[in-house]
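Okay, structure first, notes after.
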Amino acid sequence: MSEVKLAKDPYNVIITGVGGQGNVLASRLLGGMLAKKGFIVTIGETFGASQRGGSVMSHLRISREVLASPQIPKGRADVIVSLEPAEALRVLALYGNPDTILLTNNHPIYPVGVIKGDMVYPPVAEMEAAVKEVLPAARFIAATARALALGNSILVNIIMLGALGRLNVVPFNREEFKEAIAARLAAGQLAINLQAFDAGYGMV
Amino acid sequence: MSYLIDEGKNASHLLMGNEAIVRGSLEAGINVAAGYPGTPSSEIIECFSQVAKERNLYVEWSTNEKVAVEVAAAASFAGLRSLCVMKQNGVNVASDFLLHLASSGTRGGMLLVTCDDPGALSSVNEGESRLFAQLLEIPLLEPGDFQEAKDIIPWAFALSEKIRNIVMVRSVTRLSHASGNVRFGPLPATAAKAEFHYSGPLLDPDTGPMIAMIVAAPEAQHGPQQEKMKRAAEIFETCPFNTYTGPAAPELLIVTSSACSLYSREAVSILGLTERVGILKLATTWPLPQRLLKKHLAAAPQILFVEEVAPTLEDHVKVVAAEAGAEIGGKIFFGKKSGHLPSLGELNPDLVLAALSRIFAVPYEGAPAAFSGAVKALAARYAPPRGMTFCPGCPHRASYWSINNAVKLDGRGGFVCGDIGCYVMGTMAAGFNTCKTLHAMGSASGIASGFGKLKQFGMGQPVMAVCGDSTFFHAAMPALANAIHQRSPFTLMLMDNRGTAMTGFQPHPGSPTNVLGDTVPALDMEKICRAMGAKVEVSDPFNLEKTRQKLNHLMEYADGAKVLILRRACALSPERRGKKDYEVTVDESRCRGEDCGCNRICTRIFGCPGLIWDGEKKVSRIDEIICVGCGVCADICPAGAIVRKEIA
Amino acid sequence: MNNFGANKLAERVIQAELCSGCGACIDLCPYFRSYRGKTAYLFPCTREEGRCFAYCPKVEVDLDGISRFLFAKPYDGHPLGNWRSIHVARAGTRLKRQPFQSGGTVSALMYFALRSGCIRGAILTGRKGLLPVPQLVTRPAGVWRHSLSKYTAAPTLATLNRAVTAGHEALGVVATPCQATAVAQMRMNPLQKSPFQDPTALVIGLFCTWALDFRKFEAFLAERVPLQDIVKVDIPPPPASVLEVYLPGEKREFPLNEIRPLVPDTCGYCLDMTSEFADVSVGVLEGQPDLNTLIVRTQRGEEIVREAQRQEYLIIEDMPGENREHLEWAAGNKKQRGIRRCMETGRLNGEAGTACLRLTAEVTDRILEN
Ligand SMILES: Cc1cc2nc3c(=O)[nH]c(=O)nc-3n(C[C@H](O)[C@H](O)[C@H](O)COP(=O)(O)OP(=O)(O)OC[C@H]3O[C@@H](n4cnc5c(N)ncnc54)[C@H](O)[C@@H]3O)c2cc1C
Ligand code: SF4
Ligand code: SF4
Ligand code: SF4
Ligand code: SF4
C-alpha cells in the first residue's frame with residue numbers, strides 16, 4: 001500500500017467492542033505503530049467494568065501537530081472499528097457523523113439483559129440494513145466466523161485491524177503490523193496473527 | 001527487557017499515564033514503591049515490579065494503603081527515594097498516617113501518587129483526593145499530559161527533598177489509563193544506601209528521630225510544616241509545568257489542570273477561539289502560586305474554571321482574586337458554581353465546548369442533529385444496553401445463589417452487608433440483590449458487627465457480611481476481631497477467589513508469591529479466623545447445596561462471630577483461565593423453558609452469560625464460545641436438562 | 001377459577017402469614033422450598049399463572065368447585081362435609097400392635113393399600129427430631145416407620161410433587177385438611193396440562209383443629225424437655241386439655257392454653273376439621289384414645305375400607321349416635337370460627353387473587369346458622 005495522508009488532523013479512530021474481545025490490544029498495536037512513525041498519538045480507553053462483559057472503547061487521536069485529548073468530541077469520529085455490531089451502533093450514535101467510516105464485525109455478543117430474555121437483540125441483518133439507510137458505506141463483516149475458521153475467536157481483533165488496513169485511511173501497513181505484533185506476542189503466535197491480518201485485509 | 005528502562009538516546013514510546021509516572025520515577029532514581037491495588041492506579045506497582053531487578057527496586061503490594069505509605073515512609077526516613085500509590089479511596093485509608101507523616105516530615109524524596117476516578121468509571125464513588133493536600137498541608141502537583149506525567153516526577157522528588165516533606169501527585173483515569181508519546185530522559189546509576197539516622201536532637205530534620213509531636217507544642221512542628229508550605233508556594237511561582245497559552249489580554253481566561261487542560265485546549269481550538277481565550281494550565285494546585293495567578297487574572301475580565309471533580313481551583317482562585325481585588329479589579333467567574341459545567345461526573349471536550357459556546361454565544365454542533373437523532377433511534381432499537389454481571393464460571397455467582405437461598409429459607413428477614421470487590425455486584429440482579437449495605441473496604445464486617453448487637457433492641461434478623469480475600473487482610477480483620485470480642489453473632493462469608501481479582505490478580509498476604517515473583521509465606525485465613533476465635537467452615541461455592549446447608553447451619557448457630565470461607569479461584573485467574581472442567585449442553589427435549597415448572601430459571605435468574613434464552617425455540621441454550629464449563633448451572637436446572645460431561 | 005402466579009402467592013399467602021406450610025407449591029419448580037417448617041420463595045417467578053397458586057389451599061379456594069369435582073354435588077356447608085358412612089375403627093388382627101397415634105386405622109389402611117396394590121406408593125410423614133419429614137414409601141413395612149402424629153405443619157405435599165414429577169402413579173397420601181384440599185385441587189388439573197392423569201389412588205385425611213408452628217413449638221419444647229428423647233406427642237381428646245410429651249419412662253403434660261399461642265394464624269381461617277376432600281377421614285374417637293373415628297366419603301375410599309375389613313386389616317364398628325352429634329358440633333364450630341375470621345378480614349370472596357375462599361351467600365348463611 002502507498003503511504004496514506006491523514007484526511008484530517010487530528011484524525012479520530014474509535015476501536016470498540018466488549019470486554020474480553022482484545023479491543024485494548026488492537027488499539028495499542030495501532031497506536032504503537034503510528035507513534036513509532038512519528039505521529040503524535042493519544043489513546044483514551046474506557047474499560048472500567050470490561051472484565052465483566054461491559055462495553056470497551058478506545059479513542060485514538062492521530063496528529064502531526066498537536067496532542068489531542070483522550071476523548072474524541074461527540075460527532076467527530078472519522079473511523080469506527082467495532083468488534084461487535086451493537087457496540088458499533090452505540091458508538092456511532094454518540095461519535096459518528098455522516099462521513100464516518102464504519103467497519104464492524106457482524107457477530108453479536110449478547111448483553112445480560114438479552115441472555116435473560118428481558119430484552120431482545122434484533123437480527124444483525126436487520127440492523128445492518130437499517131444502519132446502511134443512514135450510513136450507506138457502513139461495512140459489516142463476518143470476522144468472528146473467519147476467526148473461528150482460523151481456530152480461535154480471539155483473532156477477531158486482528159482480523160478487524162487487517163480490514164482497517166485495507167481501507168487505506170490510517171497510515172500503517174502489513175510490515176509495521178508484523179513488527180508491532182512480534183514485539184508483543186510470543187514468537188509462536190506470529191504466524192496465526194499474520195494470517196488473521198491477511199484474512200481481514202481480504203474481507204473488504 | 002521492558003521498554004520502561006529503554007536507555008536509548010532520544011527514545012520515545014507510547015506510554016500510559018501510569019507508565020509515564022513509573023518512567024519518571026526511574027529517571028528520578030526511585031528505590032522503593034508500595035501500593036494497594038485500585039483502578040485506575042494498579043499498573044504503577046505492576047510496572048515497577050517488571051523492572052525491579054534491573055533497577056534494584058523494592059516493590060510491594062501492601063496489605064492496605066496506610067501500610068503502603070508507612071512502608072514508603074520508612075525508605076524515605078532511611079534516605080531513599082520512595083513512592084506510594086493508590087486510588088482516591090485509598091487516601092482515606094492512609095490519611096491517619098499521612099497526617100502524622102506530614103507533621104514529622106520526610107528525608108529521602110517521597111511522593112504520594114493518587115489516581116482519582118472522576119465519573120466513578122470503576123469506583124464506588126468519585127471522591128476527590130485533592131482536598132487532602134489542603135488538609136494535610138502538603139504540596140499538590142497535577143500533570144497535564146503524558147510527557148508531563150513523566151517529567152513532573154523527578155521535579156516532585158526534588159521538591160520533596162527541598163522542603164523535607166511528602167509531595168502529592170494526582171492523576172485521573174483519563175491520564176492514568178490513556179496513552180501518549182513520551183520522550184525519555186536518562187536513567188541514573190542505581191547505588192543507593194539506606195541508613196536511618198536518629199541520634200541527633202529531636203526535630204533535627206537530618207539526624208534526629210522521626211517523631212510526630214506528642215505534646216501540645218504546635219509551634220515546634222506545625223510551625224515548620226507551614227514554613228515548608230510557604231517555600232513550596234514560592235517554588236511554585238516559577239514551576240515550569242504551569243503554562244499559559246493564548247493572547248496577552250484574553251477575553252476569557254480558562255484556569256484548569258490535569259486532563260481538563262487537554263479538553264480545554266481542544267474546545268478552544270474547535271470553536272476557533274484561540275485569539276480570544278487564554279488557558280492557564282496549573283500543575284501546582286496547592287498551595288497556589290499567588291503572583292502567577294494575579295498576573296493572569298489581571299489580564300482577563302472573565303474567568304472559566306475547568307476541573308474535576310470538586311470546585312477546588314474555583315474556590316481557591318476566587319479567594320486570590322478577592323484578596324487582589326483592588327489591584328486586578330472585579331471579574332466575572334464561570335465554572336461549576338455558575339452552572340456552566342456540571343458539579344459531578346467527569347468532564348470531556350463536549351462539556352467545555354458547551355460552556356464556551358454559551359459564554360461566547362457561538363453555536364456548536366458535533367454532528368448534524370438529524371444524523372445523530374436517526375442513529376440514536378437505531379441504537380435504541382438495535383443495541384440493547386450492556387448490564388454488568390459476573391463472568392461465566394464466576395464463583396461469586398454461585399456463592400450468592402447459595403447465600404440468597406440460605407437467607408430466604410431461614411426466613412427471619414436476614415440480610416447481607418456488602419463489601420468492595422467484584423462482589424459489589426451482590427447489590428445487583430447479577431448477585432440476586434443479596435447485599436443490602438455497601439460502603440468502604442471491610443465495612444461490611446464492621447457494620448455487621450454492629451447489627452449483631454441490636455438484639456437487645458428487639459432485632460431478630462440474622463446478620464451476614466461478605467468480604468474478599470484481599471479485603472479480609474486490608475480492613476476486615478479488625479472488624480472481625482471486634483465482632484468476636486464483643487460476641488456479635490454475625491456470619492462472615494469470606495469469598496476467597498485466590499487473588500485481588502477486581503483489579504487484576506494482585507497478590508495479597510494470603511498469596512504464596514509476591515509481586516516480584518518471590519515465594520513468600522501465605523497467611524492462612526482459615527487458621528487466622530479460628531485462632532481469632534470464630535467458628536469456621538469452608539465450602540466450595542460450586543457445591544451449591546453444601547454451601548447453602550453450611551450457611552443455614554451457621555446462621556442458626558447463635559453465639560459469636562462465624563466465618564464461612566467460600567473457596568474457589570476466580571474464573572479469570574491464571575489457574576482457571578482457558579480450562580473447561582465440563583462439556584455442558586442443554587437437552588432441548590427436557591428443557592421446560594417458560595413453562596410452569598421452571599420459567600427458565602437458568603437464563604432469567606441465574607444469568608450466567610454462558611447460557612442464552614432462545615426466544616424462538618423457547619429453550620435455553622449454552623453459548624459454547626462463552627461458557628467456561630464450570631458445570632454449576634447443571635445443578636440449578638430442575639429438569640436435568642443441563643447436562644455436563646466431565647472433560648478428562 | 002381465579003388463577004395467578006407465584007408473586008401473588010408470595011404476597012397474598014406467605015407474606016400475609018396465611019401459609020400453613022402444606023408443601024403444595026414446593027418442588028414443582030425451583031422457586032418454592034420448605035425449610036424448618038416454613039415455606040420460602042427463593043426468586044421471583046414472573047409467570048402469570050402457576051400450579052403453585054392453583055394448588056395452594058389458602059388462596060382462591062373454590063369449595064363448591066372442588067365438591068362438584070369430587071362428589072358431583074354442590075358444597076353445602078355441612079359440618080362434616082360429604083360422607084357415605086361413619087364408623088369407629090382400629091387396626092385389624094392381621095397386624096401386630098404398632099406404636100400408633102390412636103387406633104392405627106391410617107397406618108393399617110396404607111399398609112393394606114400398598115400390599116394389595118391399590119396404591120403403588122404412599123406419601124407419609126415421619127420425623128427427624130421434632131421436624132416432620134415427609135417420605136415416599138413404596139414397601140408396606142415402611143408404613144410403620146411413619147406412624148404417629150406430628151402436631152406441626154409438614155410440607156408433605158412437596159414430596160407428593162416430587163414423586164409425581166419422577167413419574168410415580170397411583171399414590172396414597174395421608175393429609176391434614178389443608179393438604180387434602182390442596183391435593184383435591186391438584187387432581188383437578190387446574191392448568192389443563194395434557195396429558196394428565198390423577199396421580200392419587202387414595203387420599204386419607206386426618207382430623208385437625210390446628211397444627212403448630214414448627215419453629216415456635218421446637219423453641220417451646222427445647223426449653224422444657226430434651227428434644228432428642230421425645231418418643232411421642234399426643235393431644236388426647238376432650239375433656240382433657242393438655243399436650244402430652246412421652247419421654248422414655250416419663251410423660252410430661254403441658255396445658256393447652258400454653259400451647260395455643262404456638263398455633264399459626266392461618267389455622268384460624270380454616271373451615272375444615274375432618275378433611276372433607278379426602279377419600280376417607282380419620283380422627284380420634286372421643287373418650288376412647290385408642291380408637292379412631294372413620295368417615296368414608298368416596299367410592300374408592302369405600303372399596304378399600306371394605307376390602308381391608310374383609311381381609312382383617314381393619315376392624316370396623318358402627319358409630320354411636322351421640323358421638324356423631326358431638327363430632328358435628330365440634331366441626332361446625334370450627335367452620336363458624338373460620339368463616340367469621342375470613343369475613344372480618346375481607347378474605348371471603350373479595351377481589352380476584354386476594355380471597356382465601358369463594359362461597360355463595362346461601363352457604364355462608366347456612367354455616368353461620370348451624
Ligand atoms: C397436626 C395434626 C392435628 C390433629 N388434630 C386432631 C384433632 O383435633 N382431632 C382428632 O380427632 N384428630 C386429630 N389428629 C389426628 C390424630 O392425631 C391421628 O393422626 C388420627 O387419629 C389417626 O390415628 P392413627 O392411629 O390411625 O394414626 P397412625 O396410624 O399413627 O398414622 C399417623 C399418620 O399421620 C401421618 N402424619 C403424621 N403427622 C402428620 C402431619 N403433620 N401432616 C400430615 N400427615 C401426618 C403419618 O404419615 C401417618 O401416616 C391430628 C393429626 C395431626 C397430624
Ligand atoms: S433451568 Fe433447565 S429446564 Fe429450565 S430453562 Fe434452563 S435448561 Fe430449561
Ligand atoms: S457451565 Fe453453565 S454456569 Fe458454568 S460457565 Fe457454562 S453456562 Fe455458565
Ligand atoms: S409453580 Fe410454576 S408459576 Fe409457580 S413458581 Fe413454579 S414455575 Fe412459577
Ligand atoms: S401451597 Fe401450602 S406451602 Fe405453599 S403457600 Fe400455600 S399453604 Fe403455603
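Only a predicted model underlies this, so the values are computations on that prediction, with no experimental measurement involved. Sequence lines set the chain letters: A, B, ... in the order given, protein chains first and strands last, and positions in each chain run from 1. Below, each value reflects all heavy atoms present in this structure, side chains not excepted, and no hydrogens, waters or symmetry copies.
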What distance do B/Tyr364 atom OH and A/Lys74 atom NZ have between them, rounded to the nearest 0.5 Å? 9.5 Å
At a heavy-atom separation under 4.5 Å, does B/Ala370 approach chain A through its side chain, its backbone, both, or neither? neither
Segment of A/Glu126 engaging chain B (4.5 angstrom heavy-atom cut-off): both
Measure the OG1-CZ distance between A/Thr42 and B/Arg174 for me, rounded to the nearest 0.5 Å. 12.5 Å
Looking only at heavy atoms and a cut-off of under 4.5 Å, which of A/Ala35, A/Pro73, A/Pro10 has the most pairs with chain B? A/Pro73
Taking atom CZ as the centre, does B/Arg604 end up with more than 12 heavy-atom neighbours from other residues, nucleotides or ligands that are less than 6.0 angstrom away? yes
If every non-hydrogen atom of B/Asp350 is compared with every non-hydrogen atom of A/Ile72, which pair is closest and at what distance? OD2-O, 4.2 Å
Contacting region of A/Ser153 [heavy-atom separation from chain B under 4.5 Å]: side chain
Heavy-atom distances under 4.5 Å only: say whether A/Val120 touches chain B with side chain, backbone, both or neither. backbone
Residues, nucleotides or ligands: over 12 heavy atoms within 6.0 Å of A/Lys132 NZ: yes
Answer yes or no: is there a side-chain heavy-atom contact under 4.5 Å between B/Tyr382 and A/Val131? no
Give the minimum heavy-atom separation between A/Gly96 and B/Ala367, together with the two atoms involved. O-CB, 3.3 Å
Would you mind checking which part of B/Arg381 comes under 4.5 Å of any heavy atom in chain A, side chain (CB onward), backbone (N, CA, C, O), both or neither? both
State the CD-CD distance between A/Gln71 and B/Glu346, to the nearest 0.5 angstrom. 4.5 Å
Pairs of heavy atoms under 4.5 Å with chain A: top-ranked of B/Ala178, B/Ala383, B/Ser179, B/Gly180: B/Ser179
Would you find a donor on one side and an acceptor on the other, under 3.5 Å apart, between the side chain of B/Arg265 and the backbone of A/Ala68? no
Do any of residues 101-109 of chain A come closer than 4.5 Å to chain B, heavy atom to heavy atom, and if so which ones, in number order? A/His107, A/Ile109
Taking every non-hydrogen pair under 4.5 Å, which of A/Ser69, A/Gly32, A/Gly113 racks up the most with chain B? A/Ser69
Heavy-atom closest contact (A/Val114 atom, B/Pro384 atom, distance): CG2-CG, 3.6 Å
Would the distance check show the side chain of B/Asn181 and the main-chain N or O of A/Val41 forming a donor-acceptor pair, the cut-off being under 3.5 Å? yes
Options B/Leu262, B/Thr603, B/Asp623, B/Leu353, ranked by heavy-atom pairs under 4.5 Å with chain A, top entry: B/Thr603
Report the C-alpha separation of A/Leu94 and B/Lys376 in whole Å, then their side-chain angles, then the decisive distance to 0.1 Å, and conclude whether the side-chain contact (heavy atoms from CB on, under 4.5 Å) test is met. CA-CA 8 Å; A/Leu94 278 184; B/Lys376 276 188 185 127; 4.2 Å; yes
I need the residue from A/Gly75, A/Ala86, A/Pro98, A/Ala183 with the largest number of non-hydrogen atom pairs under 4.5 Å to chain B. A/Pro98
Which value, rounded to the nearest 0.5 Å, describes the distance between B/Phe371 atom CZ and A/Asp99 atom CG? 9.0 Å
Minimum heavy-atom distance A/Ala93-B/Ser372, with the two atoms named: O-CB, 4.3 Å
Which region of A/Leu60, side chain (C-beta onward) or backbone (N, CA, C, O), has a non-hydrogen atom less than 4.5 Å from a non-hydrogen atom of chain B, or is it both or neither? neither
Taking A/Pro85, A/Gly117, A/Ala88, A/Gly31 one by one, which has the highest count of heavy-atom pairs under 4.5 Å against chain B? A/Gly117
With a 4.5 Å cut-off on heavy-atom pairs, point out which of A/Val134, A/Leu67, A/Val66, A/Leu34 contacts chain B the most. A/Leu67
Among B/Leu611, B/Ile270, B/Asp117, which residue has the highest count of heavy-atom pairs closer than 4.5 Å to chain A? B/Ile270
Could you give the distance from SG (B/Cys602) to NZ (A/Lys116), rounded to the nearest 0.5 Å? 11.5 Å
Heavy-atom distances under 4.5 Å only: say whether B/Leu347 touches chain A with side chain, backbone, both or neither. backbone
Please round to the nearest 0.5 Å and tell me the distance separating atom OG1 of B/Thr173 and atom CD of A/Glu45. 12.0 Å
Under 4.5 Å, counting heavy-atom pairs only, tell me which of B/Tyr3, B/Trp613, B/Tyr263, B/Phe606 racks up the most with chain A. B/Tyr263
Please state whether the side chain, the backbone, both or neither of B/Pro385 comes within less than 4.5 Å of a heavy atom of chain A. both
One thing to verify: whether B/Glu266 and A/Arg76 come together as a salt bridge, which I'm taking to mean a side-chain N less than 4.0 angstrom from a carboxylate O. no
Under a 4.5 Å heavy-atom cut-off, does chain A meet the side chain of B/Leu378, its backbone, both or neither? both
Proximity breakdown for A/Met119 and chain B, heavy-atom pairs closer than 4.5 Å: side chain
What part of B/Cys608 gets within 4.5 angstrom of chain A, counting heavy atoms only: side chain, backbone, both, or neither? backbone
Give me each pair satisfying ring-ring contact (aromatic ring centres under 6.0 Å, His included) with a member in residues 119-152 of chain A, each pair once, sequence neighbours excluded. A/Tyr110-A/Tyr121
